[in-house]
Amino acid sequence: FLPKGDQFQTLRDLISRAYHEVQFELLQEKDYDFKAFFLNPALAKGICLDLLESGYTFKFPIIIHSKDVKSLTVNLASDGFDTSYLVASGAATMLQTCMANQWEY
């Protein structure tokens, strides 16, 4: 988890930027056969948009959104799409792997 407080904003931004850079590098590395990749970067939206404008090329569209992951998945599934989602901060996952799906600010 990232430190809280205004004095840590620069550090949080640097960590968020590094996280999304790695994510985008992995996504452009190969064709995952995605129709689209939906990403809710929460408070890092500006960082993500800046990175996406810096020249990454993907074999599928990256769609930045601000919707709840479960409702987005249900809506896409009801439109006939095969969907899945990962909520890595679920209680079991947190206990087993210490992962989180959203940085804490």
Side-chain angles (χ1 to χ4, degrees):
F1 297 115
L2 298 175
K4 298 181 189 306
D6 291 340
Q7 70 271 30
F8 297 111
Q9 184 63 47
T10 300
L11 177 61
R12 288 193 304 266
D13 288 349
L14 289 171
I15 293 170
S16 293
R17 184 174 197 79
Y19 172 84
H20 288 292
E21 283 176 341
V22 170
Q23 184 178 38
F24 293 154
E25 287 171 14
L26 289 171
L27 287 172
Q28 80 171 354
E29 202 169 86
K30 71 177 200 170
D31 186 356
Y32 294 94
D33 199 31
F34 294 153
K35 302 292 184 233
F37 186 86
F38 291 82
L39 175 64
N40 180 347
L43 297 175
K45 182 178 180 180
I47 291 169
C48 285
L49 293 174
D50 287 345
L51 287 171
L52 289 171
E53 292 176 2
S54 68
Y56 288 99
T57 55
F58 304 103
K59 297 185 180 4
F60 43 83
I62 304 292
I63 301 169
I64 302 293
H65 69 92
S66 60
K67 298 192 182 312
D68 171 84
V69 66
K70 290 179 185 177
S71 63
L72 176 67
T73 304
V74 168
N75 288 338
L76 288 169
S78 67
D79 287 342
F81 292 96
D82 293 329
T83 62
S84 66
Y85 70 91
L86 170 65
V87 179
S89 65
T93 307
M94 288 296 292
L95 290 172
Q96 295 171 0
T97 63
C98 298
M99 291 176 56
N101 72 328
Q102 177 180 344
W103 298 112
E104 281 203 356
Y105 286 94

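Please read these numbers as outputs of a predicted model, since none were measured by experiment.
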From [atom1] ([X]) to [atom2] ([Y]), nearest 0.5 Å:
X: Leu52; Y: Ile64; atom1: CG; atom2: CD1; value: 5.0 Å
X: Ser66; Y: Leu39; atom1: OG; atom2: CG; value: 11.5 Å
X: Asp82; Y: Thr73; atom1: CG; atom2: OG1; value: 12.0 Å

Exercise. Shared ILVMFWY cluster between Leu14 and Leu49, side chains joined below 4.5 angstrom?
Worked result: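 No; Leu49 is not reachable from Leu14 via cluster members.
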
Exercise. Of all residues at least two apart in sequence or in a different chain, which pass the ring pair (Phe, Tyr, Trp, His ring centres under 6.0 Å) check with Phe8?
Worked result: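 With sequence neighbours excluded, Phe8 shows a ring pair (Phe, Tyr, Trp, His ring centres under 6.0 Å) to no residue whatsoever.
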
Anything under 3.5 Å between a donor and an acceptor, one on a side chain of residues 21-33, the other on a protein residue two or more places apart or in another chain? List them.
residue, atom, partner, partner atom, Å
Gln23, OE1, His20, ND1, 3.1
Gln28, OE1, Thr57, N, 3.1
Asp31, OD1, Asp33, N, 2.8
Tyr32, OH, Leu26, O, 2.9

Problem set entry | Residue pair Ile47 / Arg17: nearest heavy atoms and the distance that separates them |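 Ile47 and Arg17 have their closest heavy atoms at CG2-CA, 3.7 Å.
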
Exercise. Just by modelled atom types, is the Asp13 backbone N or O under 3.5 Å from a matching donor or acceptor in the Ser16 side chain?
Worked result: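 Here the side-chain-to-backbone pair does not exist.
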
For this session: List, by chain and then residue number, the residues other than Leu76 in its hydrophobic cluster (Ile/Leu/Val/Met/Phe/Trp/Tyr, side-chain heavy atoms under 4.5 Å); write none if there are no others.
Result: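 Once heavy-atom contacts under 4.5 Å are chained together, Leu76 belongs with Phe38, Ile63, Leu72, Phe81.
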
